[in-house]
Amino acid sequence: MAKELAAQVNAKEPGCRLYILTRSASPQTYVFLERYDDQAASDAHVASEHFRELGRKMGAFLDGRPDIQRLTEV
């Protein structure tokens, strides 16, 4: 489901510059790396049908709420 979400985001969201699924050194920890043109593109992502549908399905596999970190490029 996570790979399908990444494919949908990359195909359907022109304001998204990067959306990839990665796995950390811990085999049960996955991280989406995301980069958007602006806040409007980020908001459009969260409101998209594919995000809402696939995100809801992925919820069954999560160990709690996602840890969302907003980073600033330097």
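Atoms considered below: every heavy atom in the structure, side chains included; atoms not considered: hydrogens, waters and symmetry mates. FYI, the numbering just counts along the sequence from 1.
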Once you round to the nearest 0.5 Å, how far does [atom1] of [X] lie from [atom2] of [Y]?
X	Y	atom1	atom2	value
Glu53	Met1	CD	CE	10.5 Å
Glu34	Leu21	CD	CG	10.5 Å
Lys12	Glu49	NZ	CD	7.0 Å

Next on the checklist: Is there a side-chain contact (heavy atoms from CB on, under 4.5 Å) between Leu5 and Phe32? Walk through the geometry before answering.
Outcome noted: CA-CA 10 Å; Leu5 177 58; Phe32 279 105; 4.2 Å; yes
Answer yes or no: is there a side-chain heavy-atom contact under 4.5 Å between [X] and [Y]?
X	Y	answer
Glu13	Tyr19	no
Phe51	Val9	no
Met58	Pro66	no

Minimum heavy-atom distance between [X] and [Y], given as atom pair plus value:
X	Y	answer
Ala41	Gly15	CB-O, 3.5 Å
Leu18	Cys16	O-SG, 3.3 Å
Ser42	Arg70	OG-NH1, 4.1 Å

Checklist entry - Residues in side chain to side chain contact (heavy atoms under 4.5 Å, CB included) with Asp63, at least two apart? => result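 So Asp63 forms no side chain to side chain contact (heavy atoms under 4.5 Å, CB included) with any residue.
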Next on the checklist: Tell me whether Val46 shares a hydrophobic cluster with Ile68, the cluster being built from Ile, Leu, Val, Met, Phe, Trp, Tyr side chains joined at under 4.5 Å.
Outcome noted: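 No, it is not one cluster - the side chains of Val46 and Ile68 are not joined through contacts under 4.5 Å.
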